[in-house]
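Written out below as structure tokens is the structure these notes cover.
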Number of protein chains: 2
Amino acid sequence: MSKRARDIQKALSASGYRITQPRRAVIEVVARARRSLSPEEILARARKIDPGVGLATVYRTLDVLQAEGHLERVRIGNRGYSLACSEKALHFHLICERCRTVTEIQSDQFSGALIAQLQAVGFESRKSAIEIIGLCAKCQSSE
Amino acid sequence: MSKRARDIQKALSASGYRITQPRRAVIEVVARARRSLSPEEILARARKIDPGVGLATVYRTLDVLQAEGHLERVRIGNRGYSLACSEKALHFHLICERCRTVTEIQSDQFSGALIAQLQAVGFESRKSAIEIIGLCAKCQSSE
DNA sequence: AAACTTAGTGAGAATCGTTCTCAACAAGAA
DNA sequence: TTCTTGTTGAGAACGATTCTCACTAAGTTT
Ligand SMILES: [Zn+2]
Ligand SMILES: [Zn+2]
Ligand SMILES: [Zn+2]
Ligand SMILES: [Zn+2]
């Protein structure tokens with residue numbers, strides 16, 4: 001089991017959630033993922049660890065992980081994708097609509113300017129991550 | 001008929017699209033909208049102009065308008081919302097998840113910094129509008 | 001104006017992602 | 001081990017979007 005998965009389990013447990021077999025499997029999958037995965041993809045991978053896992057449980061576990069701040073949900077088209085996120089401050093997610101890789105970028109320069117303007121307008125952002133859809137460098141060259 | 005609607009019709013016609021009754025109705029609704037509307041809302045309003053319009057045609061017309069750059073699609077939760085967009089340069093959409101009002105903000109200061117960083121990473125943004133979900137000033141105070 | 005070609009149409013079925021329901025289960029406390 | 005109750009899987013239900021297909025009408029050609 002990965003360290004990341006262990007940390008998440010510990011945190012969930014501390015918050016009063018039960019650490020069940022299916023949850024263990026989903027957490028392990030998410031912790032190991034190198035790109036954002038769809039719920040269906042997470043289900044397929046989780047079943048290699050615990051064959052009995054159901055799709056509903058994947059959704060439920062993703063909800064829990066998101067509520068506890070261990071995961072962020074990302075949308076490409078109609079499909080919902082999930083991603084473990086490290087950065088805490090306001091930052092951007094560059095989401096490649098081809099390979100679904102998510103790159104995080106951050107700069108105090110524009111974050112500061114943006115936050116100032118949001119305050120000026122009186123808008124309160126609910127998410128700390130802003131999504132930019134497009135094509136990553138690799139996928140541009142291989143198109 | 002609004003000027004905006006007429007301009008859009010002219011542009012579509014020039015691109016080879018037929019200007020049909022249902023399309024006229026949908027275009028008129030979108031051109032007059034002061035906030036983002038859901039396809040169902042657009043349908044209801046369009047039927048006041050042309051009672052026979054079907055939901056499928058609303059979706060199809062929205063697709064055309066989007067493909068031709070007269071409209072941007074915005075997502076709040078699962079629902080798809082549409083919005084006529086004026087700004088051409090890179091800008092932000094502040095989307096209130098309560099009242100669905102969309103405010104556009106723009107500043108060369110952070111746009112420049114952001115574009116520079118996107119280029120540095122080699123990421124090519126497909127959309128000129130970046131969405132920030134949250135609560136507008138009005139809805140914050142009345143919550 | 002009439003005929004013609006074919007893009008566009010409405011109704012409803014189909015599909016997709018997600019949520020709900022509920023009887024059965026099992027994690028963790030005692 | 002027993003008990004409590006949070007959690008589960010299967011499938012039904014749901015809401016948004018897309019598809020199908022026979023029919024219609026926009027715009028072009030006569
Ligand atoms: Zn992030
Ligand atoms: Zn890519
Ligand atoms: Zn815009
Ligand atoms: Zn609002």
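Chain identifiers are assigned alphabetically (A, B, ...) following the order of the sequence lines, protein sequences preceding nucleic acid strands; residue numbering begins at 1 within each chain. Nothing here was measured: the structure is a model prediction, and the numbers come from that model.
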Task: Below 4.0 Å: OP1/OP2 of D/dT8 and any side-chain N or O of A/Thr20 - done: yes
Open item on the list: Once rounded to the nearest 0.5 Å, what's the spacing between atom CD1 of A/Ile133 and atom CD of B/Glu131?
Closed with: 8.0 Å
Task: Length of the CG-C1' vector between A/Asp50 and D/dT8, whole Å - done: 11 Å
- [ ] Round to a whole Å and report the spacing from CG of A/Leu43 to P of D/dG9.
- [x] 9 Å
TODO: In plain terms, say whether B/Arg73 and B/Asp63 are close enough for a salt bridge, that is, a side-chain N and a carboxylate O under 4.0 Å apart.
DONE: yes
- [ ] Consider the side chain of A/Tyr17, meaning its heavy atoms from C-beta on, and name the nucleotide among D/dG11, D/dT7, C/dA11 that approaches it most closely.
- [x] D/dT7
Open item on the list: Taking the nucleotide of DNA chain D with the nearest heavy atom to each, does B/Tyr59 or A/Arg60 sit closer to the 5' end?
Closed with: A/Arg60
Open item on the list: I need the CD-C1' distance between A/Gln21 and C/dA27, as an integer number of Å.
Closed with: 10 Å
Open item on the list: Output the rounded distance in Å from CZ (B/Arg23) to C1' (D/dA26).
Closed with: 10 Å
Task: DNA chain C: 5'-proximal contact among A/Asp63 and A/Arg24 (nearest heavy atom) - done: A/Asp63
Task: Between C/dT18 (P) and A/Glu41 (CD): distance, integer Å - done: 12 Å
Open item on the list: Taking 4.0 Å as the cut-off, does a side-chain nitrogen or oxygen of A/Arg18 come that near to OP1 or OP2 on D/dT5?
Closed with: no
TODO: For the residue pair B/Gln9 and B/Met1, establish whether any side-chain heavy-atom pair is separated by less than 4.5 Å.
DONE: yes
- [ ] Could you tell me whether the side chain of A/Arg47 and the main chain of A/Val53 form a donor-acceptor pair under 3.5 Å?
- [x] yes
TODO: Rounded to the nearest angstrom, tell me the gap between atom NZ in B/Lys10 and atom P in D/dA26.
DONE: 20 Å
TODO: Please work out if A/Gly52 contacts a base, only the sugar-phosphate, or nothing of the nucleic acid, heavy-atom cut-off 4.0 Å.
DONE: sugar-phosphate
Task: Atom pair distance, as rounded to whole Å: CZ in A/Arg47 and C1' in D/dT8 - done: 13 Å
TODO: Describe the nucleic acid contact of A/Leu55 in one word from base, sugar-phosphate, nothing, applying a heavy-atom distance below 4.0 Å.
DONE: base
- [ ] Please check if the side chain of A/Thr101 supplies one atom and the backbone of A/Cys96 the other of a donor-acceptor pair under 3.5 Å.
- [x] no
- [ ] Calculate the interatomic distance between B/Leu62 atom CG and C/dG8 atom P; express it in whole Å.
- [x] 15 Å
